[in-house]
Amino acid sequence: MQLSARNQLTGKVTGVDLGAVMANIKIEVTEPNTITAVITKESAEKLGLSEGDDVTAIIKSTEVLIGK
């Protein structure tokens with residue numbers, strides 16, 4: 001499956017909790033080993049980011065799509 005979304009995390013479903021309207025799907029992530037974040041130059045400079053820094057990637061989104 002090809003998608004335009006850049007940050008795709010591959011994994012295995014480890015839990016399915018079906019409600020009346022919604023379903024809670026737990027996914028154990030294994031791939032990719034690298035994710036790409038696109039941020040403003042101002043933010044990168046303010047954080048002082050450079051190769052080799054330890055950071056935390058926080059994925060902020062209004063929805064998560066699942067492909068199979």
Side-chain angles (χ1 to χ4, degrees):
M1 173 187 313
Q2 293 185 353
L3 300 172
S4 62
R6 295 184 68 170
N7 291 330
Q8 298 181 37
L9 305 175
T10 302
K12 182 178 293 258
V13 175
T14 59
V16 177
D17 183 15
L18 300 177
V21 176
M22 303 295 291
N24 185 351
I25 310 300
K26 295 194 182 298
I27 303 169
E28 181 179 323
V29 177
T30 56
E31 293 289 332
N33 293 327
T34 301
I35 64 169
T36 300
V38 178
I39 65 173
T40 64
K41 178 182 176 186
E42 181 181 359
S43 292
E45 290 172 341
K46 185 175 180 179
L47 289 168
L49 295 176
S50 61
E51 196 169 318
D53 287 348
D54 291 322
V55 297
T56 301
I58 301 167
I59 299 171
K60 178 178 76 170
S61 177
T62 57
E63 53 186 288
V64 175
L65 307 175
I66 297 176
K68 179 178 176 183

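- With a 4.5 Å cut-off on side-chain heavy atoms, L47 and D53 do not count as touching.
- The hydrophobic clustering, which links ILVMFWY residues whose side-chain heavy atoms are closer than 4.5 Å, places V29 and I59 together.
- Of all heavy-atom pairs between L18 and A23, the closest is CD2-CB, 3.6 Å.
- I27 and T14 get closest at one heavy-atom pair: N-OG1, 4.2 Å.
- With sequence neighbours excluded, the residues forming a salt bridge (charged side-chain N to carboxylate O under 4.0 Å, His left out) with E45 are K41, listed by chain and number.
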